[in-house]
> 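Here it is, the structure, as structure tokens.
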Amino acid sequence: MESELRGFNTKPSKTPQPDPTHDVATFRDDRPLLTFASNVLELEKKCAAYVRNDVYGAMGRGELPLMEKLQLGIAFVTLLPLRIILVMTFLVVYYLICRICTLFSVPNLGEGQEDYAHLGGWRRTVILRSGRFLSKTLLFLVGFYRINETHNGSKNSQENSKTAGTLQPDEPEQRPGAIRSVANIPLVGLISKCLGCVYVQRESKSLDFKGVSGVVTDRVRKAHQDEHAPKILLFPEGTTTNGDYLISFKTGAFLARAPVVPVILKYPYQRFSPAWESVTGVRHVVFLLCQFVNHMEVTWLPVYYPSQLDKDDPKLYANNVRRLMASEGNLILSDIGLAEKRIYLATLNETNQRDGFTFLI
């Protein structure tokens with residue numbers, strides 16, 4: 001969360017000129033639709049997708065009821081340290097597994113990326129199978145005891161897919177290259193090089209953006225064409241929301257023109273929402289680990305096969321998938337993005353500093 005505020009200046013600045021080496025779409029994605037507002041309530045209406053609605057409130061600093069304070073205090077001295085020890089133990093175990101599997105192996109070095117996604121044979125098998133097992137175990141340890149998973153093949157989903165792009169009867173079946181998700185995972189794989197993560201430097205204005213897009217496109221194409229190549233998991237919004245909205249999609253996963261599998265993640269809650277928003281990283285992890293039970297719902301939609309119009313226009317492809325996911329997940333569409341989120345977080349930060357708080361902990 002701190003990285004999303006880094007380099008953001010709340011003072012008015014000159015309108016940046018587009019770099020001729022970047023396309024217009026890439027440049028416009030970084031420009032805010034809103035101007036800076038000092039009134040938090042007014043800004044919350046415009047940035048509703050980033051507003052926390054749980055008991056802990058904005059930045060996790062809301063006034064808690066007495067019973068909630070007691071539960072939080074008890075969990076802080078009992079459940080929190082136990083979970084931290086167990087989680088760290090499993091992470092160390094997985095690190096050692098990955099360390100052994102990458103001995104005497106040279107990582108991929110290209111387009112500013114470094115990873116071991118090219119590993120095959122027993123190394124890849126061990127990394128993936130142990131990773132799946134340990135990931136499920138880690139989720140269980142932090143309170144996700146049961147994850148409700150459904151495969152949605154409803155008539156509504158099929159009709160929406162037909163209006164934009166779908167598999168034609170005489171078209172050979174294609175393997176999806178990307179799995180897309182709209183909600184927020186509280187824990188991500190820390191062994192990113194072995195999992196083949198693609199790194200993005202948000203603040204960079206260099207040609208690295210084009211390089212990252214190229215890496216994603218290449219991997220999606222490989223996954224689409226080669227059944228032995230690993231799929232790539234992408235978060236199309238490029239940031240996190242409160243889980244009730246679906247903001248603008250980036251076009252990275254759609255440039256390859258390959259089919260995608262839309263996946264919707266939701267986190268039902270009663271006290272603390274696992275969706276990572278205005279709460280800082282450390283505070284979010286603490287509150288999450290202090291909550292005895294956390295809930296997650298996973299909805300798999302049918303494979304979306306792009307039409308020719310989708311293939312010719314990645315932005316249209318992204319918007320069609322986005323509308324389908326919003327319809328199936330009962331989500332509200334919003335056209336704001338990361339730039340508006342930075343404005344909202346900067347406003348919260350400024351307001352709480354005036355009230356005697358600091359944003360970073």
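Keep in mind that what you see is a predicted model, and the values were worked out from it rather than measured.
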> With heavy-atom distances below 4.5 Å as the criterion, would you say the side chains of R342 and L338 are in contact?
yes
> So which atom in A253 and which in V260 form the shortest heavy-atom distance, rounded to 0.1 Å?
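Distance-wise, the nearest heavy atoms are O-CG1, 4.3 Å.
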> Between K315 and D313, does any NZ, NE, NH1 or NH2 come within less than 4.0 Å of an OD or OE carboxylate oxygen?
no
> Counting C-beta onward and ignoring hydrogens, is there a side-chain heavy-atom pair between I247 and T239 closer than 4.5 Å?
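In short, these two side chains touch, coming nearer than 4.5 Å.
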> Are L255 and L316 joined in one hydrophobic group, where the rule is that I, L, V, M, F, W and Y side chains link up if heavy atoms are under 4.5 Å apart?
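As far as the 4.5 Å side-chain criterion goes, L316 and L255 are not connected within one cluster.
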> Distance check, rounded to the nearest 0.5 Å: K222 atom NZ versus Q225 atom CD?
10.0 Å
> Side-chain contact test, heavy atoms from C-beta onward, threshold under 4.5 Å: evaluate it for F254 versus K311 and give yes or no.
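A side-chain contact under 4.5 Å is absent here.
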> Can you list everything that forms a side chain to side chain donor-acceptor pair (under 3.5 Å) with Y269? Sequence neighbours excluded, please.
none
> Output the distance between atom OG1 (T280) and atom CZ (F287), rounded to the nearest 0.5 Å.
8.5 Å
> Is there a donor-acceptor contact under 3.5 Å linking the side chains of D310 and Y305?
no
> Taking atom types as modelled, find out whether T241 and K341 have a side-chain donor-acceptor pair closer than 3.5 angstrom.
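Side chains of T241 and K341: no pair found under 3.5 Å.
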> Taking side chain as C-beta onward, heavy atoms only, is I97 less than 4.5 Å from V126?
yes
> Scan for ring pair (Phe, Tyr, Trp, His ring centres under 6.0 Å) pairs involving residues 66-86, sequence neighbours excluded, and state none if there are none.
none
> Here's a test for you: under side chain to side chain contact (heavy atoms under 4.5 Å, CB included), which of V285, V286, V279 qualifies with R283?
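Only one option passes, and that is V279.
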> State, yes or no, whether a side-chain contact exists between I264 and W300 at a heavy-atom distance under 4.5 Å.
no
> Could you measure the distance from the CG atom of N242 to the OH atom of Y267? Nearest 0.5 Å is fine.
13.0 Å
> Which heavy-atom pair separates G252 from T217 by the least distance, and what is that distance?
O-OG1, 4.1 Å
> Quick check on the hydrophobic clustering: are L139 and L82 connected, directly or via other members, by side-chain heavy-atom contacts under 4.5 Å?
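As far as the 4.5 Å side-chain criterion goes, L82 and L139 are connected within one cluster.
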> Checking side chain to side chain contact (heavy atoms under 4.5 Å, CB included) for the pair T102/R123: CA distance, chi angles, key distance, verdict?
CA-CA 8 Å; T102 55; R123 298 173 186 267; 5.7 Å; no
> Please check if M88 and F90 belong to a single hydrophobic cluster, counting links between Ile, Leu, Val, Met, Phe, Trp and Tyr side chain heavy atoms closer than 4.5 Å.
yes
> Decide yes or no for Y56 and L72: does some side-chain heavy atom of the first lie under 4.5 Å from some side-chain heavy atom of the second?
yes
> Hey, could you give me each pair passing salt bridge (Lys or Arg N to Asp or Glu O under 4.0 Å) that has a residue in residues 65-94? Not counting sequence neighbours.
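For residues 65-94: E63-K69, E68-R271.
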> State, with a plain yes or no, whether a side-chain heavy atom of N53 is found less than 4.5 Å away from one of D244.
yes
> What are the two closest non-hydrogen atoms of S130 and Y94, and how far apart are they?
OG-CE1, 3.4 Å
> Of the non-hydrogen atoms in L333 and R323, which two are nearest, and what is the gap between them?
CD1-CG, 4.2 Å
> Counting N and O atoms only, with roles assigned by atom type, does the side chain of R52 sit under 3.5 Å from a partner on the main chain of S273, one being a donor and the other an acceptor?
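Such a contact is found between R52 side chain and S273 backbone.
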> In terms of hydrophobic clusters joined by side-chain contacts under 4.5 Å, are L141 and I84 together?
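In one cluster with L141: I84, yes.
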> For residues 291-299, please give each side-chain donor-acceptor pair under 3.5 Å, one per line with the distance, not counting sequence neighbours.
| unit_1 | atom_1 | unit_2 | atom_2 | d |
| --- | --- | --- | --- | --- |
| Q291 | OE1 | F272 | N | 3.0 |
| Q291 | NE2 | F272 | O | 3.1 |
| Q291 | NE2 | N294 | OD1 | 2.6 |
| N294 | ND2 | V142 | O | 2.7 |
| N294 | ND2 | L288 | O | 3.4 |

> What residues, two or more places apart in sequence or in another chain, satisfy side-chain contact (heavy atoms from CB on, under 4.5 Å) together with A48?
Y245
> Work out which heavy atom in E340 is nearest to a heavy atom in G337; give both atom names and the distance.
OE1-N, 2.7 Å
> Write down the atom of W122, the atom of C101, and the distance for their closest heavy-atom approach.
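Nearest pair, atom of W122 first, then C101: CZ3-SG, 4.1 Å.
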> How long is the span from the CG atom in L301 to the CD atom in E328, to the nearest 0.5 Å?
5.5 Å
> Strictly distance-based, threshold 3.5 Å: is any side-chain N or O of D54 a donor or acceptor partner for the main-chain N or O of G57?
yes
> Give the C-alpha distance, both sets of side-chain angles, the deciding distance and a yes or no for side chain to side chain contact (heavy atoms under 4.5 Å, CB included) between L91 and V87.
CA-CA 6 Å; L91 288 178; V87 168; 3.9 Å; yes
> Any side-chain to backbone donor/acceptor pair from H224 onto P259? Under 3.5 Å, distance only.
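No, H224 side chain to P259 backbone: no donor-acceptor pair under 3.5 Å.
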> Using the test side-chain contact (heavy atoms from CB on, under 4.5 Å), find all partners of R146 that sit at least two apart in sequence or belong to another chain.
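Applying side-chain contact (heavy atoms from CB on, under 4.5 Å) to R146 gives N148.
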> Walk me through it: do L246 and R322 pass the test side chain to side chain contact (heavy atoms under 4.5 Å, CB included)?
CA-CA 8 Å; L246 203 59; R322 177 171 171 252; 3.7 Å; yes
> Side chain to side chain contact (heavy atoms under 4.5 Å, CB included), that's the test. Do L345 and Y50 meet it? Break it down for me.
CA-CA 9 Å; L345 295 181; Y50 305 128; over 6 Å; no
> Can you tell me how far CD of E237 sits from CD1 of I336, rounded to the nearest 0.5 angstrom?
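Here the interatomic distance stands at 10.0 Å.
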> State the CG-CG distance between L43 and L348, to the nearest 0.5 angstrom.
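Taking CG in L43 and CG in L348, the distance rounds to 7.5 Å.
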> Should V92 and I127 be regarded as members of a common hydrophobic cluster, given that ILVMFWY residues are connected when their side-chain heavy atoms come within less than 4.5 Å of each other, either directly or indirectly?
yes
> Taking the side chain from T78 and the backbone from I74, do they hold a donor-acceptor pair closer than 3.5 Å?
yes
> Between F249 and F235, is any pair of side-chain heavy atoms under 4.5 Å apart?
no
